[in-house]
There are 2 protein chains.
Amino acid sequence: MRLFLSTYVNKVDRKGRVSVPAPFRTVLSGQNSSGILTFRSFKHNALDCSGLDRVQEMAAQLDTIPEFSEEYENLAALFADMKTLPLDSEGRIILPEDLLQFVGITDSVAFVGQGKNFQIWEPAAQEAHQEARRQSARASGFTLPTSRPVAPIVGATP
Amino acid sequence: MRLFLSTYVNKVDRKGRVSVPAPFRTVLSGQNSSGILTFRSFKHNALDCSGLDRVQEMAAQLDTIPEFSEEYENLAALFADMKTLPLDSEGRIILPEDLLQFVGITDSVAFVGQGKNFQIWEPAAQEAHQEARRQSARASGFTLPTSRPVAPIVGATP
DNA sequence: CCGTCATTGGGATGACATGGGATATCATGG
DNA sequence: CCATGATATCCCATGTCATCCCAATGACGG
């Protein structure tokens with residue numbers, strides 16, 4: 001199984017189209033999916049994206065829950081936020097206005113590989129998020145009671 | 001299996017007609033249904049809609065419930081409330097006056113995908129409801145299913 | 001230095017939501 | 001049984017937007 005790896009930043013053209021990175025398209029084509037299924041991330045101003053496989057699994061889970069129960073509605077509500085973004089013949093998608101605003105995208109888009117799925121971010125926000133994680137890792141590293149003065153992590157990014 | 005995904009808001013014209021979103025029509029046409037079967041939601045001021053297939057499943061479920069029980073009567077009452085909304089040649093439906101009032105619709109309609117079925121809401125009410133669910137899902141630490149579990153799913157078809 | 005592939009751009013076409021007029025269907029009252 | 005009005009259905013027109021097709025640019029490897 002191929003994975004979504006690395007981060008790509010592509011531009012939004014005047015029609016609102018963005019090229020999906022070719023490596024991601026390759027992975028998607030192996031996931032029973034001619035388009036991208038996307039929904040708002042719970043934690044960040046980002047979009048969670050995957051192929052059709054995962055969504056069909058979710059729909060299958062729905063069958064195991066009593067039809068008018070609270071839990072059923074909670075899961076079903078995810079489908080309301082979900083969108084299918086079809087790929088055009090050049091491998092581009094169009095991000096709907098509401099999603100653009102939610103993510104805060106103006107002129108370019110970061111595609112962030114997450115292994116089995118990927119995310120869509122505003123590039124600066126993504127970089128900041130990444131940096132915050134580095135800081136966090138670094139900070140927790142410093143609070144550890146180690147006696148090692150030279151931490152190789154520092155200065156990893158030029 | 002095709003699913004009802006995403007949320008679409010369409011306008012009611014002066015004759016009371018509303019376009020059913022094209023993707024939903026596509027799903028419906030695969031569900032043995034030239035029209036929409038709809039009934040009032042138990043929990044919200046919304047309409048539950050689907051094709052004929054799902055209603056037939058519900059009718060089958062009725063057989064598993066003791067006749068004359070409270071639950072039986074409740075479910076059976078659904079069928080009394082149920083209406084068939086035929087699609088015109090442009091893919092529009094007409095919402096009867098009582099349903100319009102029940103949902104609180106004035107000039108536009110939200111079609112809300114729920115996977116195997118969809119709902120009809122007043123757009124503002126739907127947005128509020130959906131936002132509440134996002135908060136709830138976030139607070140309850142709702143986790144998405146993984147895209148490809150390591151352990152084989154019980155009953156999975158190779 | 002050239003060929004291939006990926007991203008980017010733009011015009012033309014088509015699909016869809018929407019609107020309005022004309023015609024058919026139905027329930028009601030005479 | 002027919003007349004009438006209201007309502008729904010069919011048909012056609014329009015504007016907007018997405019999709020398709022074609023082209024150009026840029027990156028990369030041989």
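Naming convention: chains lettered A, B, ... in sequence-line order (proteins, then strands); numbering from 1 in each chain.
Asp107(B) places its CG atom 11 Å from the P atom of dT18(C), with the value rounded to the nearest Å. Counting to the nearest Å, the C1' atom of dC17(D) and the CG atom of Leu95(A) are 16 Å from each other. Regarding Phe24(A), its CZ atom lies at a distance of 15 Å from the C1' atom of dA6(C), rounded to whole Å. In this structure, the CG atom of Asp88(B) is 12 Å from the P atom of dA8(D), given to the nearest Å. Put simply, CG on Leu85(B) is 10 Å from P on dT9(D), counting in whole angstrom units. Rounded to an integer number of Å, the gap from OH of Tyr8(B) to P of dA17(C) is 9 Å. As rounded to whole Å, 15 Å separates atom C1' of dA8(D) from atom CD of Glu97(B). As rounded to whole Å, 15 Å separates atom C1' of dC16(C) from atom CZ of Arg17(B).
Aromatic ring centroids of Phe79(A) and Phe4(B) lie 6.0 Å or more apart. A ring-centre distance under 6.0 Å is not found for Tyr8(B) and Phe111(B).
Between the base of dG9(C) and the side chain of Lys11(A) there is no donor-acceptor pair shorter than 3.5 Å. With hydrogens and angles left out, the side chain of Lys15(B) and the base of dT18(C) share no donor-acceptor pair within 3.5 Å. No N or O donor and acceptor, one from the side chain of Glu90(B) and one from the base of dC16(C), sit under 3.5 Å apart.
Taking only side-chain atoms of Ile94(A), from C-beta outward, the nucleotide of dG19(C), dG9(C), dT19(D) with the closest atom is dT19(D). Counting only heavy atoms from C-beta on, Asp13(B) has its side chain closest to dG19(C) among dT18(C), dT19(D), dG19(C). Of all nucleotides listed (dC10(D), dT7(C), dG9(C)), dT7(C) comes nearest to the side chain of Ala22(A).
For the residue pair Glu57(B) / Gln61(B), no side-chain donor-acceptor distance below 3.5 Å is found, with atom types taken as modelled.
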Next on the checklist: Evaluate Arg25(B) against Glu90(B) for salt bridge (charged side-chain N to carboxylate O under 4.0 Å, His left out), listing each step before the verdict.
Outcome noted: CA-CA 11 Å; Arg25(B) 296 203 301 266; Glu90(B) 270 72 39; over 6 Å; no
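Taking only side-chain nitrogens and oxygens, Arg14(A) comes nearer than 4.0 Å to OP1 or OP2 of dG10(C). Put simply, Arg92(A) has no side-chain N or O that comes within less than 4.0 Å of OP1 or OP2 on dC21(D). For the pair Arg25(A) and dT7(C), the criterion of a side-chain N or O lying under 4.0 Å from OP1 or OP2 is met.
Counting non-hydrogen atoms under 4.0 angstrom, Val18(B) reaches nothing in the nucleic acid.
Partner of Asn117(B) under the side chain to side chain donor-acceptor pair (under 3.5 Å) criterion, out of Asp53(B), Asp48(B), Thr38(B): Asp48(B) alone.
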